[in-house]
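Because the structure is a prediction, the values reported are computed rather than measured. Below, chain A is the first sequence line, B the second, and so on; all start at residue 1.
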Amino acid sequence: MKLLTHNMLTSHVKGVMKGYPLLIKATEVKVNEVEFNPQFVSRMIPKLEWTAFVQAADGLGQLNDLPNELVPDYEKNEEFLRKVHRVLLEVEVLEGCLQCPESGREFPISRGVPNMLLNEDET
Amino acid sequence: MPSASHFRCAFRIILCHFSNFLSVAYFVMVNMKLKELECCLQQVDAFEEPKLLLEQYPTSPHIAACMLYTIHNTFDDIENRLVADLGCGCGVLSIGAATLGAGLCVGFDIDEDALATFKMNTEEFELTNIDMVQCNVGNLEPAVYAKKFDTVIMNPPFGTKHNKGMDMQFLKTALHMARTAVYSLHKTSTRQHIQKKASDWKVKMEVVAELRYDLPASYKFHKKKSVDIEVDFIRFSTS
(Lines give C-alpha, C1' and ligand atoms only; values in the text may rest on other atoms or scores of the structure.)
Protein backbone atom coordinates (compact mmCIF):
# COMPACT_ATOMS: atom_id res chain seq x y z
CA MET A 1 0.00 0.00 0.00
CA LYS A 2 1.51 3.29 -1.09
CA LEU A 3 0.89 6.47 0.82
CA LEU A 4 -0.92 8.01 -2.15
CA THR A 5 -3.46 5.21 -1.83
CA HIS A 6 -3.57 5.48 1.96
CA ASN A 7 -4.38 9.17 1.61
CA MET A 8 -7.68 8.24 0.00
CA LEU A 9 -8.78 5.44 2.32
CA THR A 10 -11.45 5.97 4.96
CA SER A 11 -13.37 3.77 7.32
CA HIS A 12 -17.05 3.71 6.41
CA VAL A 13 -18.25 1.39 9.11
CA LYS A 14 -21.90 2.13 9.90
CA GLY A 15 -22.25 4.94 12.39
CA VAL A 16 -18.74 6.26 11.99
CA MET A 17 -18.79 9.98 11.26
CA LYS A 18 -15.14 10.61 10.70
CA GLY A 19 -13.18 7.54 9.72
CA TYR A 20 -10.25 9.55 8.39
CA PRO A 21 -7.33 9.51 8.38
CA LEU A 22 -6.65 5.87 9.12
CA LEU A 23 -3.77 5.32 11.48
CA ILE A 24 -1.08 3.11 9.97
CA LYS A 25 0.31 0.40 12.23
CA ALA A 26 3.00 -1.14 10.08
CA THR A 27 5.01 -4.23 10.84
CA GLU A 28 6.75 -4.38 7.48
CA VAL A 29 7.62 -1.47 5.21
CA LYS A 30 9.60 -1.45 1.98
CA VAL A 31 11.03 1.38 -0.10
CA ASN A 32 11.06 0.68 -3.85
CA GLU A 33 12.51 2.56 -6.73
CA VAL A 34 9.77 4.14 -8.79
CA GLU A 35 10.41 6.28 -11.83
CA PHE A 36 10.24 9.96 -10.87
CA ASN A 37 7.53 11.77 -12.75
CA PRO A 38 7.57 15.43 -11.66
CA GLN A 39 4.46 16.28 -13.64
CA PHE A 40 2.42 13.60 -11.93
CA VAL A 41 3.69 14.44 -8.44
CA SER A 42 3.05 18.12 -9.01
CA ARG A 43 -0.53 17.41 -10.09
CA MET A 44 -1.21 15.12 -7.16
CA ILE A 45 -0.02 17.50 -4.47
CA PRO A 46 -3.04 19.83 -4.45
CA LYS A 47 -5.33 16.80 -4.43
CA LEU A 48 -3.79 15.31 -1.30
CA GLU A 49 -4.92 15.79 2.26
CA TRP A 50 -1.48 17.18 3.02
CA THR A 51 -1.65 16.98 6.82
CA ALA A 52 -2.78 13.36 6.73
CA PHE A 53 0.01 12.63 4.26
CA VAL A 54 2.71 14.15 6.46
CA GLN A 55 1.28 12.42 9.52
CA ALA A 56 1.35 9.05 7.76
CA ALA A 57 4.94 9.58 6.63
CA ASP A 58 5.95 10.60 10.10
CA GLY A 59 4.27 7.57 11.64
CA LEU A 60 6.41 5.37 9.42
CA GLY A 61 9.57 7.23 10.25
CA GLN A 62 9.78 8.36 6.64
CA LEU A 63 9.15 12.04 7.14
CA ASN A 64 12.79 13.07 6.54
CA ASP A 65 12.37 16.78 5.96
CA LEU A 66 8.95 17.02 4.38
CA PRO A 67 7.43 20.28 5.55
CA ASN A 68 4.17 20.44 7.50
CA GLU A 69 2.86 22.95 5.04
CA LEU A 70 3.26 23.18 1.31
CA VAL A 71 6.06 25.36 0.04
CA PRO A 72 4.97 28.03 -2.47
CA ASP A 73 5.90 27.40 -6.11
CA TYR A 74 6.47 23.72 -5.44
CA GLU A 75 5.79 22.90 -9.10
CA LYS A 76 9.23 24.19 -10.05
CA ASN A 77 11.04 22.88 -7.00
CA GLU A 78 12.53 19.57 -8.15
CA GLU A 79 14.14 18.81 -4.84
CA PHE A 80 10.83 19.18 -3.07
CA LEU A 81 9.01 17.12 -5.69
CA ARG A 82 11.55 14.34 -5.35
CA LYS A 83 11.03 14.24 -1.60
CA VAL A 84 7.28 14.04 -2.08
CA HIS A 85 7.69 11.40 -4.80
CA ARG A 86 9.67 9.18 -2.48
CA VAL A 87 7.11 9.23 0.28
CA LEU A 88 4.05 9.24 -1.96
CA LEU A 89 5.01 6.42 -4.31
CA GLU A 90 8.17 4.64 -3.18
CA VAL A 91 7.36 3.87 0.44
CA GLU A 92 5.15 0.81 0.68
CA VAL A 93 3.45 -0.74 3.70
CA LEU A 94 3.53 -4.52 3.20
CA GLU A 95 2.17 -5.81 6.50
CA GLY A 96 0.28 -4.27 9.37
CA CYS A 97 -3.10 -2.67 9.70
CA LEU A 98 -5.04 0.54 9.35
CA GLN A 99 -6.96 1.74 12.37
CA CYS A 100 -10.14 3.80 12.23
CA PRO A 101 -9.57 6.92 14.38
CA GLU A 102 -13.14 6.90 15.63
CA SER A 103 -14.13 3.28 16.16
CA GLY A 104 -10.72 1.69 16.58
CA ARG A 105 -11.66 -0.96 14.04
CA GLU A 106 -8.58 -2.40 12.37
CA PHE A 107 -8.33 -3.15 8.67
CA PRO A 108 -5.51 -5.61 7.98
CA ILE A 109 -2.81 -5.04 5.37
CA SER A 110 -1.42 -8.22 3.96
CA ARG A 111 1.21 -8.50 1.20
CA GLY A 112 0.76 -4.82 0.50
CA VAL A 113 -3.02 -4.99 0.08
CA PRO A 114 -5.31 -3.29 2.62
CA ASN A 115 -8.52 -5.24 3.23
CA MET A 116 -11.33 -2.71 3.58
CA LEU A 117 -14.14 -5.30 3.49
CA LEU A 118 -16.79 -4.70 6.11
CA ASN A 119 -18.65 -7.37 8.06
CA GLU A 120 -22.41 -7.63 7.64
CA ASP A 121 -23.13 -5.79 10.84
CA GLU A 122 -20.87 -2.92 9.85
CA THR A 123 -22.68 -1.87 6.68
CA MET B 1 -2.42 -20.58 -15.26
CA PRO B 2 -3.74 -18.79 -18.34
CA SER B 3 -7.33 -19.44 -19.24
CA ALA B 4 -7.83 -22.06 -21.92
CA SER B 5 -10.78 -20.14 -23.42
CA HIS B 6 -10.26 -18.34 -26.66
CA PHE B 7 -11.99 -15.06 -27.23
CA ARG B 8 -13.24 -13.99 -30.62
CA CYS B 9 -14.16 -10.40 -31.06
CA ALA B 10 -14.80 -7.92 -33.80
CA PHE B 11 -13.99 -4.36 -32.89
CA ARG B 12 -15.73 -1.67 -34.89
CA ILE B 13 -14.45 1.68 -33.89
CA ILE B 14 -16.79 4.57 -34.39
CA LEU B 15 -14.36 7.35 -35.26
CA CYS B 16 -16.58 10.36 -35.22
CA HIS B 17 -13.75 12.78 -34.75
CA PHE B 18 -11.61 12.18 -37.80
CA SER B 19 -11.84 12.60 -41.58
CA ASN B 20 -11.39 9.49 -43.72
CA PHE B 21 -7.72 10.11 -44.54
CA LEU B 22 -6.72 10.86 -40.99
CA SER B 23 -8.65 7.91 -39.73
CA VAL B 24 -6.69 5.56 -41.98
CA ALA B 25 -3.35 6.97 -40.87
CA TYR B 26 -4.50 6.96 -37.26
CA PHE B 27 -5.66 3.39 -37.63
CA VAL B 28 -2.33 2.25 -39.06
CA MET B 29 -0.35 3.94 -36.29
CA VAL B 30 -2.68 2.77 -33.58
CA ASN B 31 -2.80 -0.75 -34.97
CA MET B 32 0.96 -1.24 -34.96
CA LYS B 33 1.36 -0.27 -31.34
CA LEU B 34 -1.99 -1.80 -30.53
CA LYS B 35 -0.60 -5.18 -31.55
CA GLU B 36 2.38 -4.63 -29.28
CA LEU B 37 0.17 -3.80 -26.34
CA GLU B 38 -2.08 -6.76 -27.06
CA CYS B 39 0.92 -9.04 -27.28
CA CYS B 40 2.16 -7.71 -23.97
CA LEU B 41 -1.18 -8.22 -22.26
CA GLN B 42 -1.30 -11.83 -23.46
CA GLN B 43 1.30 -12.48 -20.78
CA VAL B 44 -1.11 -11.54 -18.01
CA ASP B 45 -2.17 -14.62 -16.06
CA ALA B 46 -5.91 -15.08 -15.64
CA PHE B 47 -8.01 -16.48 -12.77
CA GLU B 48 -6.84 -19.89 -11.64
CA GLU B 49 -10.36 -20.88 -10.65
CA PRO B 50 -12.93 -18.27 -11.66
CA LYS B 51 -15.67 -17.79 -9.06
CA LEU B 52 -19.09 -18.15 -10.62
CA LEU B 53 -21.01 -15.93 -8.23
CA LEU B 54 -18.57 -13.06 -8.68
CA GLU B 55 -18.99 -13.39 -12.45
CA GLN B 56 -15.24 -13.67 -12.88
CA TYR B 57 -13.73 -13.94 -16.33
CA PRO B 58 -10.63 -12.24 -17.72
CA THR B 59 -10.95 -9.30 -20.09
CA SER B 60 -9.35 -10.59 -23.30
CA PRO B 61 -5.97 -9.06 -24.21
CA HIS B 62 -7.45 -7.86 -27.49
CA ILE B 63 -10.36 -6.03 -25.92
CA ALA B 64 -8.22 -4.64 -23.13
CA ALA B 65 -5.64 -3.38 -25.62
CA CYS B 66 -8.29 -1.75 -27.82
CA MET B 67 -9.94 -0.06 -24.83
CA LEU B 68 -6.72 1.19 -23.31
CA TYR B 69 -5.27 2.38 -26.57
CA THR B 70 -8.35 4.45 -27.32
CA ILE B 71 -8.43 5.88 -23.80
CA HIS B 72 -4.76 6.81 -24.17
CA ASN B 73 -4.56 7.98 -27.79
CA THR B 74 -7.93 9.52 -28.41
CA PHE B 75 -8.67 10.93 -25.00
CA ASP B 76 -5.29 11.17 -23.23
CA ASP B 77 -6.80 9.88 -19.99
CA ILE B 78 -4.03 7.48 -18.90
CA GLU B 79 -0.55 8.98 -19.06
CA ASN B 80 0.35 10.82 -15.86
CA ARG B 81 -3.14 10.28 -14.53
CA LEU B 82 -4.32 8.69 -11.31
CA VAL B 83 -6.35 5.75 -12.56
CA ALA B 84 -8.74 3.37 -10.77
CA ASP B 85 -9.63 -0.09 -12.08
CA LEU B 86 -12.88 -1.27 -10.46
CA GLY B 87 -13.39 -5.01 -10.26
CA CYS B 88 -9.80 -5.36 -11.42
CA GLY B 89 -9.68 -9.14 -11.07
CA CYS B 90 -6.26 -10.34 -12.19
CA GLY B 91 -5.40 -6.85 -13.35
CA VAL B 92 -5.20 -6.92 -17.14
CA LEU B 93 -6.63 -3.39 -17.49
CA SER B 94 -4.41 -2.02 -14.72
CA ILE B 95 -1.31 -3.61 -16.16
CA GLY B 96 -2.13 -2.11 -19.52
CA ALA B 97 -2.75 1.31 -18.00
CA ALA B 98 0.48 1.16 -16.03
CA THR B 99 2.37 0.13 -19.17
CA LEU B 100 0.91 3.13 -21.01
CA GLY B 101 2.29 5.48 -18.36
CA ALA B 102 -0.40 6.00 -15.76
CA GLY B 103 1.04 7.94 -12.81
CA LEU B 104 -0.49 5.32 -10.56
CA CYS B 105 -3.16 2.73 -11.24
CA VAL B 106 -5.09 1.38 -8.23
CA GLY B 107 -7.03 -1.85 -8.65
CA PHE B 108 -10.10 -2.57 -6.50
CA ASP B 109 -11.53 -6.06 -6.07
CA ILE B 110 -13.44 -8.09 -3.50
CA ASP B 111 -11.58 -11.36 -4.09
CA GLU B 112 -8.20 -11.97 -2.45
CA ASP B 113 -7.37 -14.84 -4.79
CA ALA B 114 -7.79 -12.58 -7.80
CA LEU B 115 -5.70 -9.90 -6.09
CA ALA B 116 -2.99 -12.45 -5.36
CA THR B 117 -2.83 -13.32 -9.07
CA PHE B 118 -2.84 -9.60 -9.87
CA LYS B 119 0.08 -9.10 -7.52
CA MET B 120 2.02 -11.91 -9.21
CA ASN B 121 1.30 -10.37 -12.59
CA THR B 122 2.51 -6.97 -11.37
CA GLU B 123 5.76 -8.53 -10.21
CA GLU B 124 6.22 -10.46 -13.48
CA PHE B 125 5.81 -7.24 -15.42
CA GLU B 126 8.04 -5.37 -12.96
CA LEU B 127 5.57 -2.52 -12.74
CA THR B 128 5.98 -0.09 -9.86
CA ASN B 129 3.06 2.22 -10.63
CA ILE B 130 0.35 -0.13 -9.45
CA ASP B 131 -1.41 -0.49 -6.11
CA MET B 132 -4.44 -2.47 -4.99
CA VAL B 133 -7.25 -2.37 -2.42
CA GLN B 134 -9.54 -5.20 -1.36
CA CYS B 135 -13.10 -3.93 -0.98
CA ASN B 136 -16.66 -4.45 -2.15
CA VAL B 137 -17.13 -2.00 -5.03
CA GLY B 138 -20.80 -2.99 -5.29
CA ASN B 139 -21.36 -1.74 -1.79
CA LEU B 140 -19.40 1.48 -1.37
CA GLU B 141 -20.77 4.66 0.17
CA PRO B 142 -20.75 7.46 -2.42
CA ALA B 143 -18.60 9.72 -0.27
CA VAL B 144 -15.76 7.22 -0.16
CA TYR B 145 -13.14 8.01 -2.84
CA ALA B 146 -15.35 10.83 -4.18
CA LYS B 147 -13.48 12.62 -6.99
CA LYS B 148 -10.21 11.03 -5.92
CA PHE B 149 -9.22 9.67 -9.32
CA ASP B 150 -8.68 11.32 -12.71
CA THR B 151 -9.91 8.31 -14.68
CA VAL B 152 -11.81 5.14 -13.85
CA ILE B 153 -11.60 2.15 -16.17
CA MET B 154 -13.51 -1.07 -15.70
CA ASN B 155 -15.04 -4.21 -17.08
CA PRO B 156 -17.75 -4.59 -14.42
CA PRO B 157 -19.84 -7.68 -13.68
CA PHE B 158 -22.89 -7.58 -15.94
CA GLY B 159 -25.27 -8.70 -13.21
CA THR B 160 -26.02 -12.11 -14.69
CA LYS B 161 -25.23 -14.24 -11.66
CA HIS B 162 -27.77 -13.46 -8.92
CA ASN B 163 -26.25 -10.00 -8.78
CA LYS B 164 -28.73 -8.09 -10.88
CA GLY B 165 -28.02 -4.38 -11.09
CA MET B 166 -24.37 -4.84 -10.24
CA ASP B 167 -23.25 -3.14 -13.45
CA MET B 168 -25.17 0.01 -12.51
CA GLN B 169 -23.83 -0.09 -8.95
CA PHE B 170 -20.30 -0.18 -10.31
CA LEU B 171 -21.10 2.63 -12.72
CA LYS B 172 -22.59 4.81 -10.03
CA THR B 173 -19.55 4.32 -7.82
CA ALA B 174 -17.20 4.92 -10.71
CA LEU B 175 -18.91 8.21 -11.55
CA HIS B 176 -18.45 9.37 -7.96
CA MET B 177 -14.78 8.45 -7.99
CA ALA B 178 -13.75 10.01 -11.30
CA ARG B 179 -12.78 13.61 -11.84
CA THR B 180 -12.66 13.42 -15.62
CA ALA B 181 -14.00 10.22 -17.15
CA VAL B 182 -15.21 6.67 -16.65
CA TYR B 183 -14.56 4.01 -19.30
CA SER B 184 -16.66 0.91 -19.04
CA LEU B 185 -18.11 -2.09 -20.85
CA HIS B 186 -21.86 -2.75 -20.73
CA LYS B 187 -24.18 -5.06 -22.59
CA THR B 188 -25.54 -3.36 -25.70
CA SER B 189 -28.99 -4.58 -24.67
CA THR B 190 -28.82 -2.25 -21.67
CA ARG B 191 -27.78 0.82 -23.69
CA GLN B 192 -31.08 2.66 -23.49
CA HIS B 193 -31.40 2.01 -19.78
CA ILE B 194 -27.89 3.37 -19.25
CA GLN B 195 -28.60 6.41 -21.41
CA LYS B 196 -31.54 7.24 -19.19
CA LYS B 197 -29.48 6.84 -16.03
CA ALA B 198 -26.67 8.95 -17.47
CA SER B 199 -29.18 11.67 -18.22
CA ASP B 200 -30.65 11.44 -14.70
CA TRP B 201 -27.18 11.65 -13.21
CA LYS B 202 -26.27 14.52 -15.55
CA VAL B 203 -23.24 12.84 -17.07
CA LYS B 204 -22.33 12.81 -20.75
CA MET B 205 -22.26 9.41 -22.35
CA GLU B 206 -20.52 8.38 -25.58
CA VAL B 207 -20.57 4.88 -27.05
CA VAL B 208 -16.97 4.76 -28.28
CA ALA B 209 -17.22 1.34 -29.88
CA GLU B 210 -19.32 -1.77 -30.19
CA LEU B 211 -17.74 -5.12 -29.53
CA ARG B 212 -18.87 -8.65 -29.45
CA TYR B 213 -17.15 -11.29 -27.50
CA ASP B 214 -17.59 -14.81 -26.25
CA LEU B 215 -18.15 -15.28 -22.59
CA PRO B 216 -16.12 -18.38 -21.82
CA ALA B 217 -17.77 -21.72 -21.36
CA SER B 218 -15.79 -22.00 -18.17
CA TYR B 219 -18.84 -22.45 -16.02
CA LYS B 220 -19.72 -26.13 -16.04
CA PHE B 221 -23.45 -25.70 -16.53
CA HIS B 222 -23.21 -23.80 -19.82
CA LYS B 223 -25.21 -25.66 -22.43
CA LYS B 224 -23.43 -24.10 -25.37
CA LYS B 225 -19.67 -23.90 -25.70
CA SER B 226 -19.73 -20.15 -25.46
CA VAL B 227 -22.12 -17.27 -25.32
CA ASP B 228 -21.68 -14.47 -27.84
CA ILE B 229 -22.76 -11.10 -26.55
CA GLU B 230 -22.78 -7.58 -27.85
CA VAL B 231 -21.06 -5.08 -25.63
CA ASP B 232 -20.70 -1.31 -25.72
CA PHE B 233 -17.43 0.38 -24.83
CA ILE B 234 -18.66 3.60 -23.28
CA ARG B 235 -17.04 6.81 -22.12
CA PHE B 236 -18.85 8.79 -19.45
CA SER B 237 -17.54 12.25 -18.74
CA THR B 238 -18.04 13.87 -15.41
CA SER B 239 -16.20 17.11 -16.05
Side-chain angles (χ1 to χ4, degrees), chain A residues 1-20 22 30-49 52 81 84-86 88-94 98 107-120 122-123, chain B residues 54 76 78-85 88 91 94 98-99 101-120 122-123 126-152 173 176-180:
Chain A
M1 181 196 71
K2 295 173 194 273
L3 292 190
L4 175 49
T5 304
H6 165 260
N7 200 253
M8 297 188 270
L9 298 177
T10 62
S11 158
H12 49 288
V13 171
K14 186 170 67 180
V16 167
M17 297 304 287
K18 190 157 193 287
Y20 184 88
L22 294 167
K30 192 170 77 150
V31 181
N32 310 299
E33 206 181 293
V34 177
E35 194 184 314
F36 174 56
N37 187 341
Q39 217 185 48
F40 179 64
V41 176
S42 190
R43 282 190 55 248
M44 288 297 108
I45 288 171
K47 311 235 164 24
L48 293 174
E49 298 290 331
L81 291 178
V84 175
H85 165 79
R86 184 178 178 279
L88 200 60
L89 295 166
E90 295 191 326
V91 172
E92 217 181 308
V93 180
L94 293 180
L98 297 171
F107 298 90
I109 303 173
S110 163
R111 292 163 67 200
V113 184
N115 180 353
M116 307 303 294
L117 288 174
L118 299 176
N119 302 320
E120 262 179 43
E122 289 175 317
T123 55
Chain B
L54 293 177
D76 192 23
I78 292 183
E79 196 173 352
N80 284 339
R81 308 283 180 216
L82 182 56
V83 179
D85 177 1
C88 61
S94 293
T99 303
L104 181 70
C105 186
V106 183
F108 293 82
D109 204 282
I110 196 173
D111 180 30
E112 64 211 15
D113 295 325
L115 290 170
T117 305
F118 183 10
K119 180 129 279 210
M120 270 183 354
T122 304
E123 280 157 13
E126 293 179 340
L127 292 164
T128 55
N129 50 345
I130 285 184
D131 214 350
M132 46 196 93
V133 175
Q134 183 178 11
C135 71
N136 186 352
V137 174
N139 199 9
L140 281 181
E141 291 282 322
V144 180
Y145 310 120
K147 300 289 163 234
K148 293 288 184 183
F149 290 88
D150 294 314
T151 305
V152 176
T173 298
H176 276 113
M177 289 170 77
R179 285 191 280 263
T180 308

(request) Select one option (side chain, backbone, both, neither) describing which atoms of B:F108 are under 4.5 Å from chain A's heavy atoms. (result) neither
(message) What part of B:R179 gets within 4.5 angstrom of chain A, counting heavy atoms only: side chain, backbone, both, or neither?
(response) side chain
(message) Return the CG to CG distance between A:L118 and B:L140, rounded to the nearest 0.5 Å.
(response) 8.5 Å
(request) Could you check if a side-chain atom of B:K147 sits within less than 4.5 angstrom of a side-chain atom of A:K47, using non-hydrogen atoms only? (result) no
(request) Report the distance from atom OG1 of B:T128 to atom CD of A:E33, rounding to the nearest 0.5 Å. (result) 8.5 Å
(message) Please rank A:E92, A:E90, A:Q39 by heavy-atom pairs under 4.5 Å with chain B and give me the top one.
(response) A:Q39
(message) Given heavy-atom pairs under 4.5 angstrom as the criterion, report whether the side chain, backbone, both or neither of B:I110 touches chain A.
(response) both
(request) Side-chain contact test, heavy atoms from C-beta onward, threshold under 4.5 Å: evaluate it for A:L117 versus B:Q134 and give yes or no. (result) yes
(message) At a 4.5 Å cut-off on heavy atoms, which part of B:L115 comes close to chain A: side chain, backbone, both, or neither?
(response) side chain
(request) Quick one: which of B:M132, B:K119, B:E79, B:E112 has the most heavy-atom pairs under 4.5 Å with chain A, could you say? (result) B:M132
(message) Please rank A:R43, A:M116, A:R111, A:M1 by heavy-atom pairs under 4.5 Å with chain B and give me the top one.
(response) A:R43
(request) Among the options A:I109, A:N32, A:L9, pick out the one with the most heavy-atom pairs lying under 4.5 Å from chain B. (result) A:L9
(message) Donor-acceptor check, side chain of B:D131 to backbone of A:K2, threshold 3.5 angstrom: yes or no?
(response) yes
(message) Do A:L89 and B:N129 make a side-chain contact, defined as non-hydrogen atoms from C-beta onward lying under 4.5 Å apart?
(response) no
(message) Among A:V41, A:V113, A:T10, which residue has the highest count of heavy-atom pairs closer than 4.5 Å to chain B?
(response) A:V113
(message) Taking the side chain as everything from C-beta on, heavy atoms only, tell me whether A:N37 gets closer than 4.5 Å to B:N80.
(response) yes
(message) Does any part of the side chain of A:L4, heavy atoms only, come nearer than 4.5 Å to the side chain of B:V106, both counted from C-beta?
(response) no
